[in-house]
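Reviewing the structure listed below.
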Amino acid sequence: MKQEKSVVPSLPVKHKKGIILILCLYVALVALSLIVLCRLMVPLRQRLVEYEAAQLENQCAQVFEELFANPDWEKLYDLSNVEDTRYEGAEAYAAYMKAKVGSEELTFHETYTGIFGVHQYNVCLGDEKVAAFTLTGSTGSPAEIPQWTLDRVELFFVRTVHVTVEKKPEYTVYINGAALDDSFTIRSTATKAEQYLPEGIHGFRREWQCVDGLLVQPEVLVLDENGEAVAMVLDDKTGIYTMQLPDAPEMTDAEKTLICDAAAADAQFSMGGIKAAELRKYFDADSQVYADIVDNPIFIQSNKGFSIDESSVEVSEYFRYTDDLFSANVKLTVNVVRKDNTVKVYELDKTYFFTQNDSGDYLVSGYTNESVQERVEQVRLIFAVNDEEQTAFMTDCTADTVTVPEMAVAEGEELVGWATRTDDGSGTITMMVRILPNGTVLGDLEPMTLYPVFQATPEAG
């Protein structure tokens, strides 16, 4: 049985060409549409990228990255418009922050401002806020790309470093190039010798000047009266810059012998044992002290004899003021035998000043019964109200009373006194009254800032 074959009718060649042409046109049209669509998508994609980048969460991250990921602290200092102090500026702040931050990473988070269009972000080192930046702007209409701009940068730091420098009164202290005047002196000390010395000549004198409110340890320079730099060193125990001065001259054997002989001559003359001519071997005949000794009556006019207890002779408090002036204290005991053979003991305790004459000899030019090397110390008291200084002055550290500012007291209150203020660092403040309202001092004084303390009167309570 024969199979019948199906026959597919073939299209005419003309029709085939038409179909191919249509397909080609279709493909071309699709390709053209894709090309046009792609071209249209490029600006749209770019706009979407810009829109996304301009979103607040992305913008604040970008600002943080630019400013604080690898911070230029000097630039940030300038951006924040922090005012320089007399001693420090951007460079000191940068050194402070580099030491503080080290290799730690900074973080940031938004803090609520309550102001529309204003967004503030705190920058933190651990839990401590060290800076903040603010973005301002608005989203506008939904079709617009948000516009956020950096409004301001704030820096948060506390100047807690202080420096104290020891110097002579005639020296000048410079802190980071700024000279300090007498208002920075918080303590001074001198000896009682000052009242016995010629004008322009001084004994031991020191002053301590203090500057607080610094960020970092400053450059300290001290110049003497001739403008020459004085060697200074920071004492690790006290935190005070001290002078590196040569050791004070020590008494020579020849000077000690001279001092003892002069004191013995003084004692002998007072007992009538020697004449004025012998006294002039040790005392300046043109000095007032010589005239006072000679013109005064002899201490004991009649006795059976006297002797100086050589074992009692003690020389101390030697101090050389200049190349031709020094002083020393002498103590000795004189045993005087009275007419009735009883012995009277007299104590000599004097400080003698020796001045070199034109011949190069040292003679006594003055003396006193006072210990001239005893030190007299003064301290600065600052009285402040609402953290503003009202008055300040230097006073003896052993003063019993001082002059205090007049205070207006509110009704129902009374002034307890003037107190120091201590902050333990955790926010607890302790006030300790050091001076009563009438100026009575409680204990010895020291350099300090004092604040008024009030309490309710019993009637008000």
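FYI, side chains are in, hydrogens and waters are out, and symmetry mates aren't considered; it's all heavy atoms of this structure. For this chain, numbers begin at 1 and follow the sequence in order.
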Would you indicate whether Glu105, at its atom CD, is surrounded by more than 12 heavy atoms from other residues, nucleotides or ligands within a distance under 6.0 Å? no

Would the distance check show the side chain of Gln373 and the main-chain N or O of Ala193 forming a donor-acceptor pair, the cut-off being under 3.5 Å? no

Would you say the side-chain atoms of Gln209 pair up with the backbone N or O of Asp181, donor to acceptor, closer than 3.5 Å? yes

Do Tyr121 and Phe64 have their ring centres less than 6.0 Å from each other? no

Once rounded to the nearest 0.5 Å, what's the spacing between atom CG of Leu381 and atom CZ of Arg434? 9.5 Å

Please enumerate all residues that pass side-chain contact (heavy atoms from CB on, under 4.5 Å) together with Ser307, with sequence neighbours excluded. Asn335

So, does Gln390 use its side chain to make a donor-acceptor pair with the main chain of Glu388 at under 3.5 Å? yes

Check: Asn226 side chain, Glu228 main-chain N or O, donor-acceptor pair, under 3.5 Å: no

As an exercise, state the distance from CG of Leu79 to CD of Glu154, rounded to the nearest 0.5 Å. 12.5 Å

Do other residues, nucleotides or ligands put more than 12 heavy atoms under 6.0 Å from the NZ atom of Lys256? no

Tell me whether the rings of Tyr93 and Phe157 are parallel (<30°), tilted (30 to 60°) or perpendicular (>60°). tilted

Side chains of Arg205 and Glu194, heavy atoms from C-beta outward: is any pair under 4.5 Å? yes

When rounded to the nearest 0.5 angstrom, what is the spacing between NZ in Lys167 and OG in Ser188? 10.0 Å

Do the ring planes of Phe133 and Phe108 sit parallel (below 30°), tilted (30 to 60°) or perpendicular (above 60°)? tilted

Do the non-hydrogen side-chain atoms of Val220 and Ile175 ever get within less than 4.5 Å of each other? yes

Could you pull out the closest heavy-atom pair between Leu415 and Pro452, with the gap in Å? CD1-CB, 3.9 Å

Which pair of heavy atoms, one from Phe269 and one from Ala276, lies closest together, and at what distance? CE1-N, 3.6 Å

Quick one: CE on Met232 to CD1 on Ile240, what's the gap to the nearest 0.5 Å? 10.0 Å

Can you tell me how far CZ of Phe283 sits from CG of Asp292, rounded to the nearest 0.5 angstrom? 11.0 Å

Within the side chain of Glu88, is there an N or O that forms a donor-acceptor pair under 3.5 Å with the backbone of Val216? yes

Donor-acceptor under 3.5 Å (Asn122 side chain, His109 main chain): no

Are Ile293 and Leu279 side-chain neighbours, meaning at least one heavy-atom pair lies under 4.5 Å? yes

Does the side chain of Leu135 reach to within under 4.5 Å of the side chain of Leu150, using non-hydrogen atoms? yes

Would you please say whether a donor-acceptor pair under 3.5 Å links the side chains of Asp84 and Tyr77? yes

In terms of heavy-atom contacts, does CD of Glu250 have more than 12 from other residues, nucleotides or ligands at under 6.0 Å? no

Asn438 atom CG: more than 12 heavy-atom contacts under 6.0 Å: yes

For Asp387 and Arg421, work out which heavy atoms get closest and say how close. OD1-NH2, 2.7 Å

Phe319: what forms a ring-ring contact (aromatic ring centres under 6.0 Å, His included) with it, not counting sequence neighbours? Tyr321

Report yes if some heavy atom in the side chain of Cys260 is under 4.5 Å from a heavy atom in the side chain of Val315; otherwise report no. yes

With Arg375 as the cation and Phe204 as the aromatic partner, state whether NZ or CZ is under 6.0 Å from the six-membered ring centre and within 45° of the axis. yes

What residues form a ring-ring contact (aromatic ring centres under 6.0 Å, His included) with Tyr318, not counting sequence neighbours? Phe326

Residues Glu225 and Lys168 bridged, charged N to O under 4.0 Å: no

Judged by modelled atom types alone, do Glu370 and Tyr196 share a side-chain donor-acceptor pair under 3.5 Å? yes

Take atom CD in Gln455; do more than 12 heavy atoms of anything else shown fall under 6.0 Å from it? yes

We want to know whether Tyr367 and Asp266 form a side-chain donor-acceptor pair, criterion being a heavy-atom distance below 3.5 angstrom. no

Heavy-atom pair of closest approach, residues Leu223 and Val230: C-CG2, 4.2 Å

Could you walk me through whether Tyr241 and Val173 pass the side-chain contact (heavy atoms from CB on, under 4.5 Å) check? CA-CA 11 Å; Tyr241 284 88; Val173 176; over 6 Å; no

Spacing of Leu197 atom CG and Lys192 atom NZ [to the nearest 0.5 Å]: 14.5 Å

What are the two closest heavy atoms between Val161 and Leu215, and how far apart are they? CG2-O, 3.3 Å

Does any non-hydrogen side-chain atom of Cys60 lie less than 4.5 Å from one of Trp148? no

Close side-chain approach of Leu76 to Val153, heavy-atom, < 4.5 Å: yes

Between Glu377 and Arg187, does at least one N-O distance fall below 4.0 Å, as a salt bridge requires? yes

For Val433 against Gly417, the heavy-atom pair lying closest together: CG1-CA, 4.1 Å

Glu347, CD atom: more than 12 neighbouring heavy atoms under 6.0 Å: yes

Determine whether a donor-acceptor pair (N or O, by modelled atom type, separation under 3.5 Å) exists between the side chain of Gln288 and the backbone of Gly366. no

Quick check: do Asp400 and Val441 have side-chain heavy atoms less than 4.5 Å from each other? no

Side chains of Asp349 and Asn369: any donor to acceptor distance under 3.5 Å? no

Answer yes or no: are there more than 12 heavy-atom neighbours, outside Met432 itself, under 6.0 Å from its atom CE? no

Would the number of heavy atoms belonging to other residues, nucleotides or ligands and lying under 6.0 Å from CG of Asn386 be above 12? no

